[in-house]
Amino acid sequence: MAGSFQADFSSVVFLAALFGCCWSVNPGLRTALTSKGLNYACSVGIPILEKELLTVAIPDISGDADTPIGSISYSLSNIKLVSFKIPTASITSSSGGLSAQASGISIYVTADWHYREDSWPHISDSGSLDVSGSSISLEVGVVMGADSKGHATLSSTTCSFNIGNLDVHFSGGAAWLYNLFSDDIADSLKDSLRGQVCDEAKSTINTQGNAALETLPVIVQVDSISEIDFRLLQSPSFTSEYMETLHKGEFYSIAHPVEAPFTPPPLPPIANTTKMIYFWLTDYIAESAGFVYTMAGALQYNITPDMIPSSFPFKLNTASFKALIPELYQKFPNWPMQLDLNATKPPDFTFSPSLGGNLTVFGDMAVEVVSPTNKSMQLAFVLGLILYADASVAVKTNKSGGDIATFNATFLKVDMTLLESNVGDFNVAVLQTVVNLVCTGFVIPTINQYGSTGIPIPTVDGVTLVNPTVTFGQDYVVIGSDINYIPPPSLYNSKRQH
Ligand SMILES: *[C@@H]1O[C@H](CO)[C@@H](O)[C@H](O)[C@H]1NC(C)=O
Ligand SMILES: *[C@@H]1O[C@H](CO)[C@@H](O)[C@H](O)[C@H]1NC(C)=O
Ligand SMILES: *[C@@H]1O[C@H](CO)[C@@H](O)[C@H](O)[C@H]1NC(C)=O
Ligand SMILES: *[C@@H]1O[C@H](CO)[C@@H](O)[C@H](O)[C@H]1NC(C)=O
Ligand SMILES: *[C@@H]1O[C@H](CO)[C@@H](O)[C@H](O)[C@H]1NC(C)=O
Ligand SMILES: *[C@@H]1O[C@H](CO)[C@@H](O)[C@H](O)[C@H]1NC(C)=O
């Protein structure tokens, strides 16, 4: 049995290598961040942007002008953006990428003014001024990509910053200064603000946006045996309703990473965008986990007499089986027994809309007897087992507060065959009750231990799921959820120098 599976496995690996180019077309995991989610993310980003924009450095403005007192040289210095208020903003997505728009922005600028008459008597004066700007709009275009390691990246490409009105208030100075300002200086100030604000907005979005995206997990270690690969298979894509990302979504053995000998199923088009975010977890992810743990020999363990609860109607001693398998008792009277359970091929997960989650586990159980005098073991018989279970999927929070998708299996039935026997032929049906108890008491709890570790749901740091729902589809489960996003404090602290 082991031999034939080994052969199948290597031929599949060969085919995988041969057609390696075309294997990763379907993702193991897909996500969609909907318009609702994008707008929410935008609303969270606004205070960060507002704060960063206050650090904009605006160069001094100077010039010459003809005035009622003759020709002068003037300068505005110490120009400071002291308030930048973005009341609302929204994101639209289209096939080209994302565009963030904000309007009704108001700003408040303070500066010092100074002028000097060019010719004698070189009259000069100075003071301060403040400027309120309103009816301002900002629009930044963002494109997204994936780097060679499968990280998501973003880059802001275009920016426009349009200032409707600037209202100036001088303290000190003559009336002609107002005219001078509204003619020349206001235009220079608008130009300067436009350039500086756009540079700062683009650089903030690039720096803080990429810093946030870097926390999106690519490789996550699950335990000492496996890690899960969430790399992006291609750049994120966009429609007017959502941003879609396709991820590898596969478990790998840490010790011996090899490609799973099967492929992810196709997923249906994205139809529902009522929640902020959706995650499609295919049965491929679960099966790649089963493949890794089976190959690692982790789905294998022994049950000894001391492990049998007193509530069980049998003990691991041939005396308990005297009536069921007389030859066992005759050959080994009152000998203790040991059960060696082993998964012989990876478990099969099937998700479907009508039945939910089904799990089938393939294994065998070697029943050994232990010599009471010298503790040596002899094989009594081997049962082939196919265990059927119902698998439910839930979203939980792990110890460190991360969202994880867990599964939990419930025993349905187990089919048995006698593969080998040193105690003669017997009807395996006599062991049904015993094997059912072994499954419910040992096998299912072990599977559920792996299931409760779950798989991490990949989100950027600071995101938690709110009211997630789990729905079964054909070969996948989809988790739909709203989100709560509290950006880590580091995103509020620009490391850049001005
Ligand atoms: C478990 O089954 C696999 C596949 O049949 C086999 O290669 C492995 O040796 C078995 N392990 C034990 C401990 O029986
Ligand atoms: C979309 O999802 C919501 C909740 O997740 C559900 O109530 C609704 O029926 C779904 N709509 C469609 C068209 O599937
Ligand atoms: C799948 O699970 C459902 C219960 O969730 C059960 O009714 C059905 O018989 C199972 N199918 C198989 C093939 O085990
Ligand atoms: C252990 O004892 C059994 C009988 O209980 C005997 O058949 C077997 O040969 C012994 N083995 C060793 C290694 O002594
Ligand atoms: C908890 O979940 C997060 C996100 O899903 C994951 O990054 C982290 O490794 C998990 N930690 C533990 C201890 O399970
Ligand atoms: C998992 O399923 C078992 C039955 O197999 C049940 O006893 C247990 O309460 C379930 N656990 C969770 C967390 O649903």
Side-chain angles (χ1 to χ4, degrees), residues 265 281-283 286-287 289-290 299 301 303-305 309 311-312 316-319 327-338 341 343 345-363 367-381 384-399 402-417 422-423 432-433 435-457 465 468-479:
L281 310 177
T282 63
D283 53 12
E287 289 187 353
L299 305 184
Y301 67 102
I303 303 173
T304 50
S311 60
F312 275 27
L316 279 186
N317 185 294
T318 58
E327 202 175 327
L328 174 68
Y329 183 75
Q330 278 158 26
K331 273 191 157 173
F332 310 106
N334 272 319
W335 282 34
M337 297 160 69
Q338 176 174 314
L341 288 152
K345 65 175 186 169
D348 180 60
F349 287 84
T350 306
F351 298 149
S352 77
S354 51
L355 291 177
N358 283 102
L359 169 65
T360 312
V361 183
F362 307 91
V367 177
E368 296 190 280
V369 289
V370 185
S371 159
T373 51
N374 61 21
K375 307 287 178 221
S376 81
M377 297 209 281
Q378 288 179 52
L379 182 67
F381 59 91
L385 306 179
I386 302 179
L387 164 66
Y388 299 91
D390 174 40
S392 64
V393 175
V395 176
K396 303 231 163 108
T397 304
N398 72 10
K399 287 193 288 280
D403 288 299
I404 55 171
T406 63
F407 80 87
N408 191 52
T410 305
F411 176 75
L412 292 175
K413 64 165 184 166
V414 60
D415 289 348
M416 300 176 291
T417 49
N422 295 321
V423 290
Q432 193 72 58
T433 309
V435 174
N436 285 359
L437 281 168
V438 167
C439 290
T440 53
F442 295 96
V443 181
I444 295 281
T446 303
I447 291 170
N448 286 345
Q449 223 162 5
Y450 287 107
S452 68
T453 304
I455 67 166
I457 297 172
L465 302 187
T469 57
V470 177
T471 312
F472 282 95
Q474 193 58 50
D475 304 326
Y476 64 87
V477 287
V478 58
I479 296 167

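The analysis underlying the following values was restricted to heavy atoms, covering all of them including side chains, and did not include hydrogens, waters or symmetry mates. Along the sequence shown, the residues carry numbers beginning at 1. Atoms within each ligand, like the ligands themselves, are counted from 1 in listed order.
Taking every heavy atom of both residues into account, Leu412 and Asn358 meet most closely at CD1-ND2, 4.1 Å. The heavy-atom pair separating Pro353 from Gly473 by the smallest distance is CD-C, 3.6 Å. Pairing each heavy atom of Cys439 with each of Phe411, the nearest pair is CB-CE1, 3.6 Å.
In terms of polar-atom proximity, defined here as any N/O pair under 3.5 Å, Ala409 does make such a contact with ligand 6. In terms of N/O distances under 3.5 Å, ligand 4 is approached by Asn374. The N/O atoms of Lys396, backbone and side chain alike, include none that comes under 3.5 Å of an N/O atom in ligand 6.
Heavy-atom proximity to Thr373, at under 4.0 Å, picks out these atoms of ligand 4: 2 (O), 5 (O). Within ligand 6, counting atoms from 1 as listed, the ones closer than 4.0 Å to a heavy atom of Asn408 are 1 (C), 2 (O), 3 (C), 8 (C), 10 (C), 11 (N), 12 (C), 14 (O). Residue contact check: Ile444 has heavy atoms under 4.0 Å from atoms 5 (O) of ligand 6. Of all atoms in ligand 4, numbered sequentially from 1 with element shown, those under 4.0 Å from a heavy atom of Trp335 are 5 (O).
Aromatic rings from Phe351 and Tyr476 are positioned such that their centres are separated by 6.0 Å or more.
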Can you produce the list of protein nitrogen or oxygen atoms under 3.5 Å from a nitrogen or oxygen of ligand 3, alongside each distance?
| from | atom 1 | to | atom 2 | distance (Å) |
| --- | --- | --- | --- | --- |
| ligand 3 | 2 (O) | Asn358 | OD1 | 3.3 |
| ligand 3 | 2 (O) | Asn358 | ND2 | 2.4 |
| ligand 3 | 5 (O) | Leu355 | O | 3.4 |
| ligand 3 | 5 (O) | Asp390 | OD1 | 2.6 |
| ligand 3 | 11 (N) | Asn358 | ND2 | 2.9 |
| ligand 3 | 14 (O) | Asn358 | ND2 | 3.3 |

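Checked options Leu359, Thr360, Ile444, Asp415; the residue passing with Leu387 is Ile444 (criterion: side chain to side chain contact (heavy atoms under 4.5 Å, CB included)).
Thr350 and Asp348 are linked by a side-chain donor-acceptor pair at a separation below 3.5 angstrom, with hydrogens and angles left out of the test.
Between the CG atom in Asp390 and the CG atom in Asn408 there is a gap of 9.0 Å [rounded to 0.5 Å].
By the ring-ring contact (aromatic ring centres under 6.0 Å, His included) test, Phe349 pairs with Phe407, sequence neighbours left out.
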Step by step, work out the side-chain hydrogen bond (donor to acceptor under 3.5 Å, both in side chains) result for Asn436 and Thr433. CA-CA 5 Å; Asn436 285 359; Thr433 309; 5.9 Å; no
